[in-house]
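In what follows, a single structure is set out as C-alpha cells and then discussed.
Every number for a ligand or one of its atoms is a count from 1 in the order of the listing.
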Amino acid sequence: MIRFLLISVLLISNVAQSQQKVDPDFIRGKMQWFADAKLGIFIHWGLFSVRGVDDSWTFYSKKMPYSEYMAQMKGFTASAWDPEKWADLIKESGARYAVLTSKHHEGMALWGTRMKHFNTVENTPAKRDLLTPFYAAIRKRGIKAGVYFSMIDWSHPDYPGFLNDSSRYRSADDPVRWLKFRTFYQGQIAELSKLVDPDLWWFDGDWEHSAEEWEVEKVRRDILISNPAAIINGRLLGYGDYDTPEQNFPVSRPIYNWWELCMSMNNSWGYHPSDTLYKTPYEVITIFADVVSNGGNLLLDIGPREDGSIPWQQVNILEELGGWNKRNGEAVFGTLGGIPPGHFYGPTTLSKDSSTLYLFLSGNPSTVVVKGLKNKVNQIGILGSSFKPSIKVVGKISWSAVPGLLYIDVPAAAQDKYMTVLKLELDGPVSLYRGKGGL
Ligand code: GLC
C-alpha cells in the first residue's frame, strides 16, 4: 500500500510534469464512468485459443516449442464469430465496458497492423481486422471500448526477451536495436488510437523494462493528446489511472481511488478446455459484490474459441450474473463502496447521496444484523421482491447514545436465487456509531 501511495504521488507529479497542468477535477470527471461501471468483460482471444493452451506463456516457459505455438496462426479462423452476439451477451451480463486482447505477449495483432508484424489479416485464415467490428458492436449498445495491449512482444525480432532462459540481446547493450522496437510498439499504439480510439487502455507487460526504456511518459502523453478523456490502467510503471490486482482478492479495502480486479472464470485467461475448474455463478456474484462493496470494479474474463464461439460454461456465468444484475443492479451500478466492516457481516454499498444502504446477504441467511447505525430506517425492502421485511431494534438503552442492534428477518421465499440484497432507506446520509459501547 505504501508502494501504491508512493506510486500515486509519483504518478500525480509525473503526470503533472508531462502534461504541464493536471486538473484533479478533470481526472475525477474522466474517471466517473469507470467508477460507476462496476463490471467489465475481459476477452482473451488470440493464437492460444486455437489449441486451447495457456496464453503466450506456454512457449515462453517452454511447455511448447515456439514454432508449434506460432503454428496456431494457421488455425485461427474466426469462422463462427458474430461480434453482435458477443456484444449482446456482454450487454446482457450488465457490463458497462469490455476489454479485448488486441495483441498478447506473443505478438499477433488482431488488426491489420502496418508495422510489419504478425496479424490476423495477413497471417491467419480469419483474414480480417477483428477489432473494428467488435468495438462498433459494443459501442452501439453503449458499452465502453477497452483495448488490452501487450507492450512485451516476444516474437518481434528487435524485442530483447524471448524464452524464460534466453533473450536476443540486452536493451542497454544495443540502444539502436531497442529504439527500433520502441518505435515499432509506439507505432502500434498510434494505430490503435486511430482505429479504435479506446475509452480505456489496458496495458500489460510493463515489468520487462524500465519506465525510461519504454518511454511510458511519452506513451501516456501521446494517448491523451489523441483523446484527453482516455483512461489508462495501472500497468504503465506509475503512469496509469487506476490499480489492477489480478486474480487474488484484496483482503483489506484498497485505499486508492480507483481499482479493478481482473479475474478469470476458471484458472485460465484464454480458451482452455482441459481447465474445468470454473467458479460457480454464486461464487462469481459474491466476489463481484465484495469488489463493489470495496469500491472497485470487476473485470471478468472470458476465453472464446478460435472460431469465435464462447464455451457454454462462460455463457452461463454471464447470463446468470446478468439475471442477478437485473434484479439487484440498483445496489451495484453507480453506487459507492459501502460502510466499514464491523457493522454488517457481508458486502454493502451506498447510494451516491449515502442515504440508501444496501446489504448483500452472502449465503442467504434468514436473519441478519446491523450494528452501530445511528440513522432511522424509513423504509426497508428486498430488491426484486415486493416482500417488506420487519426490523427489530434490540438493546437500545434510552439514556445511551449507542444505537441498538438492527435485526432483520428475511424469509426464504423472498430470497434471491444467488444473493439477496436489502435496501434500507435512511433518514439522511448514513451515520455510524464507531465507539466501544458502554456509557
Ligand atoms: C498477466 C499475464 C497475461 C494475462 C494478464 C491478464 O499479465 O502475463 O498473460 O493476459 O495477466 O491480466
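- Ring planes of Trp154 and Tyr60: parallel class, angle under 30° (limits at 30 and 60°).
- Near ligand 1, residues Phe42, His44, Asp55, Trp57, His104, His105, Tyr148, Trp202, Asp204, Trp207, Arg235, Glu246, Cys262, Trp269 come within 4.0 angstrom through at least one heavy atom.
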Worksheet item: Where do Phe48 and Trp57 land on the ring-ring contact (aromatic ring centres under 6.0 Å, His included) test, with the steps shown first?
Response: CA-CA 10 Å; Phe48 40 84; Trp57 292 95; over 10 Å; no
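- Judged by distance alone, the side chains of Asp301 and His44 do bring a donor and an acceptor atom under 3.5 Å apart.
- The six-membered or imidazole ring of Phe184 lies near that of His117, with a centre-to-centre distance under 6.0 Å.
- When each of Lys103, His104, His105 is paired with Thr101, the side-chain contact (heavy atoms from CB on, under 4.5 Å) condition holds for His104 and for no other.
- A tilted orientation is assigned to the rings of Phe59 and Phe162, their planes being inclined by 30° to 60°.
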